Amino acid sequence: MSTKVVDLRSDTVTKPSEAMRAAMAGAVVDDDVLGTDPTAHRFEMEMARMLGKDAALFVPSGTMANLISVLVHCDSRGSEVILGHNSHIHIYENGGISTIGGVHPRTVTNNPDGTMDIDKIVAAIRNPDGALCYPTTRLICLENTHGNCGGKCLSVEYTDKVGEVAKNHGLQLHIDGARIFNASVALGVPVDRLVRAADSVSVCLSKGLGAPVGSVIVGSKAFIEKAKILRKTLGGGMRQVGVLCAAAHVAVRDTVGKLADDHRRAKVIAAGLSKIKHLTVDLTSVETNMVFFDTDPQISPGKLCQLLEQRNVLAMAVSSKSVRLVIHYQISDSDVQHVLTCMEEAVEEILSRNAKFEHLTNGATTDSYGN
């Protein structure tokens, strides 16, 4: 059995590379709350340039990045944001936009590809004539790639259409771009073009890009100035943050070019899983670095993950019938083959145990009736 742990629970589990550690150790730093950390300032300027926006702000997490962005755009309590029912902001961020910001979420059903129907977005926009009774729509949020939809990519054409809807109705558009570089690579579209229609974008540096900590928000200079105030309010103002920005700089520099390999390996895993009986995977759904697969009723996802862990493979059960695997830059081709071997062994072990249990149960039942 392999002693190396192949961790596919998420792309947040990567460890800093030697280049990241060296950059952190050698970073020139100062007090970022006072606006004088040169490494942080340089990194923020670089990220703003890469995403085609005027300014950027480093924050501790993706959740804070999205929360700040929503609150800047919806600066009046009782504002409303239109977002997908299966979006990360709506499901996994502790309801922060409402509990902290007084912002009301109005959900539109996400399609399997992560989009929301344009006509449904338009229908969700409140008529200003109803302001006496209803929240005021101020923002639309998209997610690219869309995590709960399997890491699907939103096309530039779709994003532009939503941006046009927002503009025509006097609304803002925020993109939760936690894995926007994965989308850019998969679609073959420059990342700045992919987010051109957005008024703000959050990018998670510790997911697909593999930095140890942090996210960045980009937008206009006025937007970022307001975001800085909210970052301090939320406790996200850090001091010598250049130490973290140095690692993030290396992650962006070194990892974006490896994302295509992550996507290729995800497709290899998906193809291998499709050949294992009792597991089902939609090969067409694997666009980036995520693989979701279903198990039939004989295979418990929890038990499957438990047996995989015994073989030093870590996976995440996401429902009573589904498992998620996420590829990152520290997963090799040999790791992929090892995972598939362990997966097959674990399924066989579960089936063998089930058969043994059924045999014992039938035997006990027969004996209890004296037959």
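All values reported here derive from a predicted model rather than from experimental measurement.
Screening residues 206-249 for ring pair (Phe, Tyr, Trp, His ring centres under 6.0 Å) gives H73-F223 as the qualifying pairs, with residues at least two apart or on separate chains. The stretch residues 75-126 participates, sequence neighbours left out, in these ring pair (Phe, Tyr, Trp, His ring centres under 6.0 Å) pairs: H88-Y92. Listed by first and then second residue, the salt bridge (Lys or Arg N to Asp or Glu O under 4.0 Å) pairs involving residues 247-263 are D261-R264 (not counting sequence neighbours). Pairs passing the ring pair (Phe, Tyr, Trp, His ring centres under 6.0 Å) check and including a residue from residues 292-316, sequence neighbours excluded, do not occur. Screening residues 26-36 for salt bridge (Lys or Arg N to Asp or Glu O under 4.0 Å) gives D31-R239, D32-R231 as the qualifying pairs, with residues at least two apart or on separate chains. Here ring pair (Phe, Tyr, Trp, His ring centres under 6.0 Å) pairs that include residues 171-205, with residues two or more places apart or in two chains, number zero. The stretch residues 175-200 participates, sequence neighbours left out, in these salt bridge (Lys or Arg N to Asp or Glu O under 4.0 Å) pairs: D11-R179, D160-R193. A salt bridge (Lys or Arg N to Asp or Glu O under 4.0 Å) check over residues 314-328, counting only residues at least two apart or in different chains, returns nothing.
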Open item on the list: N111 vs D117, test: side-chain hydrogen bond (donor to acceptor under 3.5 Å, both in side chains). Steps then yes/no.
Closed with: CA-CA 8 Å; N111 297 316; D117 290 344; 2.9 Å; yes

- [ ] Show your reasoning for whether side-chain hydrogen bond (donor to acceptor under 3.5 Å, both in side chains) applies to T63 and S61.
- [x] CA-CA 5 Å; T63 294; S61 71; 4.8 Å; no

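One finds a salt bridge joining E349 and R311 here, because a Lys/Arg side-chain nitrogen approaches an Asp/Glu carboxylate oxygen to under 4.0 Å. Taking 4.0 Å as the cut-off between side-chain N and carboxylate O, K161 and E164 do not count as a salt-bridged pair.
Closest non-hydrogen pair, K4 versus D335, comes out as NZ-OD2, 2.7 Å. Between G208 and L259, the shortest heavy-atom contact is O-CD2, 3.6 Å. Here the shortest heavy-atom pairing between A246 and T39 reads N-CG2, 4.0 Å. For the residue pair C204 and S215, the shortest heavy atom distance occurs at CA-OG, 3.3 Å.
Contacts of D75 classified as side-chain hydrogen bond (donor to acceptor under 3.5 Å, both in side chains), with partners at least two apart in sequence or in another chain: none. Not a single ring-ring contact (aromatic ring centres under 6.0 Å, His included) links Y134 to another residue, sequence neighbours left out. Take T136 and apply the side-chain contact (heavy atoms from CB on, under 4.5 Å) test, not counting sequence neighbours, and it matches R138. Residues that satisfy the ring-ring contact (aromatic ring centres under 6.0 Å, His included) test with H41, not counting sequence neighbours, are absent from this structure.
Remark: the backbone N or O of A40 is paired with a side-chain donor or acceptor of D37 at under 3.5 angstrom. Judged by distance alone, the side chain of S87 and the main-chain N or O of L83 form no donor-acceptor pair under 3.5 Å. Between the side chain of N110 and the main chain of C149, no donor-acceptor pair closer than 3.5 Å is present.
Of the listed residues (D113, L194, T288), just one forms a side-chain contact (heavy atoms from CB on, under 4.5 Å) with C153, and that residue is T288.
The closest side-chain heavy-atom distance from I100 to L71 is below 4.5 Å. Here the side chains of L279 and V347 are in contact, with some heavy-atom distance below 4.5 Å. Contact annotation: the side chain of T295 never approaches that of H278 to less than 4.5 Å [non-hydrogen atoms, C-beta and beyond]. For the pair K267/V291, no side-chain contact is recorded, criterion being any heavy-atom separation below 4.5 Å from C-beta on.
At a cut-off of 3.5 Å, with distance as the only test, a side-chain donor of D294 or S322 sits close to an acceptor on the other residue.
Atoms CD1 and CG, from I125 and N168 in turn, are 9.0 Å apart once rounded to the nearest 0.5 Å.
In the hydrophobic cluster analysis, where Ile, Leu, Val, Met, Phe, Trp and Tyr join through side-chain heavy atoms closer than 4.5 angstrom, V213 is grouped apart from I68.
The neighbour count for E309 CD, taken as heavy atoms of other residues, nucleotides or ligands under 6.0 Å away, does not exceed 12.
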